[in-house]
Amino acid sequence: MIKRSIKNFIASDGQPMVVLIDENRIPLFHPNIYAMTKFRTLGRQVSTTEKNLYCIGMAHLWATIHNIDLEHAILKAQFLTIEQLQDLAFFLRLKRKKQNELLIQKIESQPLTPKQIAKKIENIIYMPTQVSIQKTTTTATEGAFRIKAVHQYFKFLLQRSKHRFNKEKIDNFEQSLNYFYTLAPKNKNKGDQDVLEGLSRSEQNIILEIMNPTHPDNPFRSNFHRHRNQLIYEMLLGTGMRRSELRFLKIEDVDFRTHQIHIRVSKTKERTVPCSSNTCELFHQFITRHLSKVPFKNRKHGYLFTTETGQHLSNDAINLIFRTLQKQADISTCITPHTMRRTWNDNFSLLIDSLPADQRPNQELEKQIRNRLMGWSSISEMSHRYSRRSIREKADELGELLANSIGQNTGNHYEE
C-alpha cells in the first residue's frame, strides 16, 4: 500500500517549500514538477501549494483503492473512464475519515495477515482528521476545490503526453477532462449577508486591552508569550499582512529607525510597509527583554517569532493564539489571523472617508494605494472584496436616510 505525505522545509534560496513524498520519503516526480512550475516559480503561497499537493495525494489514495497507476493512466495509457472520473469526484468530496474507511474496507477484502493489515492501515495520506460528525461529505466549497485541483493536475499531465497520442484521442481525453471539471459542486451565491468582515472598533479595543501583558484577563501564561502575542496582534492589525508573511519575518526585516517592515516572503508581492511607533516599541521590548534570553543556537534561523525554546513559530501555533483570544474576548466576530487583514481594510476605508475632501484620493488612486500596501497587483480587484464592511455600512446609512425621507413625504401626504 502506498503512502503519500507532505514534507515542509526551507529550500536553499531561504524560501519555504513543500513536496509530496512516498512511503520511502522520496519526492514524487510528476506532482512535484507540477507544484514547482505552476505554484512556486510563480510566487504562490506555500500553503496553496501544500493544499494542492494534498488533493493530488488524495487522488493517489483513490487510485490505490482501485489498483490504478494514476500518472501512467494519463501519460501513457487510456486516461480514465467516465465511470472512474465520477467515482474519483465522489471520493474527493468525502471527509478524510470516510476515505480512510473505504481504504480499510479494501484492505479487509484481501486475504492478508493481521500484521500486513496493520501495516497497510498506517500507509495512508497523512493529514490530521477533524472531529467525527454524522455527515460523510465535506462542504461544497472544499469539494469543489479538491476536484478543480486534481483537474488542473490532470490537465498538466495531459499536456505532457500529447506527443504520444493522435489528435482524435487527445480530443477525447480533453472532453473527459472537461466533464470531470463539471462534477465540482456549485456554490450558491448568498450575496453579502454571509461574507466575513473585520473587527468593529469596539471589538478591536476589547482585544487591545486584553492583549496588554499586564491585563488580568490576558490568557497567555508567560511573559514571553504575552509580549510576543501582543506584538503579533499589533503587527497584523497595523499592517494587514498575511499570516505566512508575518511568520517568515526576520529580525532585520523590522527597521526600528524608519518605522518600516520589509515583507520578503509573500503570496503575491515582496514589499515594504509602514508600521506605527507603538509597534516598533513593542518590537524593541520583545527583542531586548525576551527573545534575547533564548539561546542563540536555538534561533540561528533568524526568525522574529519563535516558541519560548527558539523554534520557528508554526501556522498552527499562530492560529491557536487567535482561537484563545476568541474564547477570552467573547465577541461575536470570528477572530483569525486573516480577520486582521479584513480589519485593516475596514480601518483604511474609514481613514479615507474621514479625510477632508481636498485631501481625499480619488477612487482609482485609493485602489492603487490599497493594492500596494496589501501586496496585490496594480490591476487587482481584491480591494472590493476587502471593503465589504464599509460598503455595507454606507449602504445601510443611505438606505436609512432614504427610508426616513420617504416616510416623511408619506406623512406629509396623509396630513394633507
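Without hydrogens or angle criteria, T339 side chain to G198 main chain gives no donor-acceptor distance under 3.5 Å. Looking only at distances, no side-chain donor or acceptor of Q359 sits under 3.5 Å from a matching main-chain atom of P356. With hydrogens and angles ignored, the 3.5 Å screen pairs no side-chain donor or acceptor of T279 with any backbone N or O of C275. Between the E245 side chain and the R242 main chain, a donor and an acceptor come within less than 3.5 Å of each other.
Counting heavy atoms of neighbouring residues, nucleotides and ligands inside a 6.0 Å radius, atom CZ of F256 exceeds 12 of them. The 12-atom threshold is not exceeded at OH of Y181, counting heavy atoms of other residues, nucleotides or ligands nearer than 6.0 Å.
Classification of R4 and E23 as a salt-bridged pair holds, one side-chain N sitting under 4.0 Å from a carboxylate O.
Considering only heavy atoms from C-beta on, I206 comes within 4.5 Å of I331 through its side chain. Between I6 and I21 there is no side-chain heavy-atom pair separated by less than 4.5 Å. Counting heavy atoms from C-beta outward, K51 and E142 have side chains that approach closer than 4.5 Å. Between W344 and L237 there is no side-chain heavy-atom pair separated by less than 4.5 Å. Put simply, the side chain of Q230 does not reach to within 4.5 Å of the side chain of N218, judged on heavy atoms. Two residues are said to be in side-chain contact when any heavy atoms from C-beta on lie closer than 4.5 Å; F90 and L94 meet this criterion. For the pair R146 and T138, the minimum side-chain heavy-atom distance is below 4.5 Å. Taking the side chain as every heavy atom from C-beta outward, E270 and I263 never approach each other to under 4.5 Å.
For the side chain to side chain donor-acceptor pair (under 3.5 Å) test with Q368, the passing option among R372, E366, R370, E364 is E364; the others fail.
Side chains of R226 and N212: no donor on one and acceptor on the other come within 3.5 Å. Between the side chains of Y54 and R96, at least one donor N or O lies within less than 3.5 Å of an accepting N or O. Between the side chains of T333 and E203, at least one donor N or O lies within less than 3.5 Å of an accepting N or O. T139 and T141 share no donor-acceptor pair across their side chains, judged by distance under 3.5 Å alone. When only modelled atom types and interatomic distance are considered, H151 and N178 share no side-chain donor-acceptor pair under 3.5 Å.
Residue pairs meeting the side-chain hydrogen bond (donor to acceptor under 3.5 Å, both in side chains) criterion with at least one partner in residues 246-260, sequence neighbours excluded, are D253-R264, D255-T258, T258-Q260. Listed by first then second residue, pairs satisfying side-chain hydrogen bond (donor to acceptor under 3.5 Å, both in side chains) with a partner in residues 290-301 read H227-H290, not counting sequence neighbours.
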Q.
Pair F39, V46 - check side chain to side chain contact (heavy atoms under 4.5 Å, CB included), show working.
A. CA-CA 8 Å; F39 294 95; V46 67; over 6 Å; no
Q.
Assess the residue pair E71 and F29 against the criterion (side chain to side chain contact (heavy atoms under 4.5 Å, CB included)); give the C-alpha distance rounded to whole Å, side-chain angles, the decisive distance to 0.1 Å, and a yes or no.
A. CA-CA 10 Å; E71 281 74 21; F29 181 75; over 6 Å; no
Q | Worked check of side chain to side chain contact (heavy atoms under 4.5 Å, CB included) between F180 and L88 | A | CA-CA 9 Å; F180 180 66; L88 173 58; 3.9 Å; yes
Q: Could you check M211 against F220 for side chain to side chain contact (heavy atoms under 4.5 Å, CB included), going step by step and ending with a plain yes or no?
A: CA-CA 9 Å; M211 290 300 285; F220 304 106; 3.9 Å; yes
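Smallest separation of non-hydrogen atoms from M374 and G240: CE-O, 3.7 Å. The shortest non-hydrogen separation linking L53 to V18 is CD1-O, 3.9 Å. Heavy-atom minimum distance, Y233 versus L199: OH-CD1, 3.9 Å.
For H30, the ring pair (Phe, Tyr, Trp, His ring centres under 6.0 Å) test picks out no residue, with sequence neighbours left out. Contacts of I82 classified as side chain to side chain contact (heavy atoms under 4.5 Å, CB included), with partners at least two apart in sequence or in another chain: Q86, S176, Y179. Checked against side chain to side chain contact (heavy atoms under 4.5 Å, CB included), L351 has the following partners two or more places apart in sequence or in another chain: S354. With sequence neighbours left out, F248 forms a side chain to side chain contact (heavy atoms under 4.5 Å, CB included) with I10, P16, V265, Y303, H312.
Atom CD1 in I352 sits 8.5 Å away from atom CZ in R360 (nearest 0.5 Å).
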